[in-house]
Number of protein chains: 2
Amino acid sequence: MSDLLERLRGRGWRMTAQRRVVAEVLDGEHVHLTADEVHSRAVARLPEISRATVYNTLGELVSLGEVLEVATDKRAKRYDPNAHRPHHHLVCAQCGAIRDVHPTGNPLADLPDSERFGFTVSDVEVTYRGTCPNCAAA
Amino acid sequence: MSDLLERLRGRGWRMTAQRRVVAEVLDGEHVHLTADEVHSRAVARLPEISRATVYNTLGELVSLGEVLEVATDKRAKRYDPNAHRPHHHLVCAQCGAIRDVHPTGNPLADLPDSERFGFTVSDVEVTYRGTCPNCAAA
DNA sequence: GCTTGACTTAGACATTGTCTATTGTAGGAT
DNA sequence: ATCCTACAATAGACAATGTCTAAGTCAAGC
């Protein structure tokens with residue numbers, strides 16, 4: 001994670017207490033947090049940090065490719081710090097729990113040219129849905 | 001689409017002007033509309049229909065499995081009337097245009113048991129991202 | 001043609017995200 | 001070490017999307 005801070009500094013990021021805290025929150029936690037959850041945790045460490053700053057910082061991290069936005073079908077976007085290891089997601093349809101998964105195969109290769117409609121396809125996102133053990137037991 | 005209305009009546013749906021209009025809007029259009037777009041088009045045919053009714057009706061159609069919710073990473077959920085033919089989506093990262101696509105292969109088979117964490121996996125959603133011809137030209 | 005419970009309505013409310021004008025500050029220049 | 005300045009942070013208004021409630025309306029069975 002100091003890796004992360006180093007990389008950011010290397011890219012000309014001005015280092016501020018707020019940005020450091022946001023980066024630390026993302027790094028310390030392996031669940032995928034919503035922007036609001038990031039804000040709550042950031043406030044715990046730096047009470048005067050504002051919502052706008054958290055949103056701005058998350059947006060910058062996404063632009064820089066250090067963090068991924070994940071749109072499960074829940075309401076809020078989630079932020080995934082695991083941007084450098086490609087992976088997909090498994091989501092519990094009932095409680096919303098998320099796990100990172102690594103399917104075999106390459107879905108990009110499964111989309112024939114005839115199905116690309118002239119698009120330049122750069123990325124695939126695979127979301128598996130199901131029921132987690134906890135919810136199945138209930 | 002009268003198919004759809006038949007099926008719904010068969011399931012004990014009370015048929016109202018509002019519900020008919022929502023079903024017609026979804027059926028007549030092959031783009032994936034947001035709830036708000038559905039509302040706008042419904043209002044054009046039935047000016048006094050309320051937003052809440054459109055949301056309720058869409059939610060009911062989703063529960064009944066007649067329509068799918070699609071969460072691209074845009075802000076609003078989109079509603080996909082094509083629920084009975086399995087397909088995935090190709091999204092333009094710039095303008096948000098969506099196409100239905102039919103990749104080969106079966107992503108469900110690509111998720112080994114060891115990567116399922118005890119979940120009962122029932123569904124996969126694949127979203128390809130890229131740049132559409134229009135945006136590439138610009 | 002009644003009755004009744006499901007449906008619809010308007011609009012308040014909730015959640016998530018964005019923008020703006022102002023104030024603060026990191027980091028280079030002196 | 002101090003000063004400058006552009007970039008960053010702040011509070012809070014605003015916007016977009018979605019949910020809920022209380023009261024009125026109507027489809028469908030009798």
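Residue numbers start from 1 in every chain, and the chains themselves are labelled A, B, ... in the order their sequence lines are given, proteins ahead of strands. Note that this is a predicted model, so its numbers are computed, not measured.
Taking 4.0 angstrom as the limit, Q18(B) places a side-chain polar atom (N or O) nearer than this to OP1 or OP2 of dT9(C).
In this structure, NE2 of H39(A) is placed 13 Å from C1' of dG12(D), rounded to the nearest angstrom. The separation between D36(B) atom CG and dG18(D) atom P is 8 Å, rounded to whole Å. For the pair I49(A) CD1 and dA8(D) P, the computed distance is 14 Å after rounding to whole Å. The distance between atom CZ of R20(B) and atom P of dC26(D), rounded to the nearest whole Å, is 14 Å. Computed from coordinates, the L8(B) CG to dC7(C) P distance equals 12 Å when rounded to whole Å. dA8(D) atom C1' lies 15 Å from atom CG of L64(A), rounded to whole Å. Atom P of nucleotide dC26(D) and atom CZ of R19(B) are separated by 15 Å, given to the nearest angstrom. Atom-to-atom, CG of L5(B) to P of dA27(D) comes out at 15 Å; the value is rounded to the nearest Å.
Over its length, the helix from dG1(C)-dC30(D) to dT30(C)-dA1(D) turns its helix axis by 20°, as judged from the five terminal pairs at each end, rounded to 10°.
Evaluation of the side-chain hydrogen bond (donor to acceptor under 3.5 Å, both in side chains) rule for H88(B) yields no partner, not counting sequence neighbours.
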Nucleotide-resolved protein contact map, nucleotides 18-30 of chain C, B/S/- at heavy-atom distance under 4.0 Å: BB-----BBS---
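Using a 4.5 Å heavy-atom threshold, the side chains of V126(A) and V124(B) count as touching. Side-chain contact between H84(A) and E66(A): present, with at least one pair of heavy atoms (C-beta onward) separated by less than 4.5 Å. Here the side chains of I49(A) and V22(A) are in contact, with some heavy-atom distance below 4.5 Å. The shortest distance between side-chain heavy atoms of L58(A) and V54(A) falls below 4.5 Å.
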Pair E69(B)-R78(B), salt bridge (charged side-chain N to carboxylate O under 4.0 Å, His left out): steps then yes or no: CA-CA 6 Å; E69(B) 271 180 2; R78(B) 291 174 175 276; over 6 Å; no
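Remark: E24(B) CD to L46(B) CG distance equals 10.0 Å, nearest 0.5 Å.
The aromatic rings of H89(A) and H32(A) sit perpendicular to each other, their planes meeting at more than 60°, with 30° as the lower class boundary.
For A76(A), the side-chain atoms get nearest to dG17(C) when compared with the rest of dT17(D), dT10(D), dG17(C).
Summarising the local packing, CG of N134(A) is surrounded by 12 or fewer heavy atoms from other residues, nucleotides or ligands at distances under 6.0 Å.
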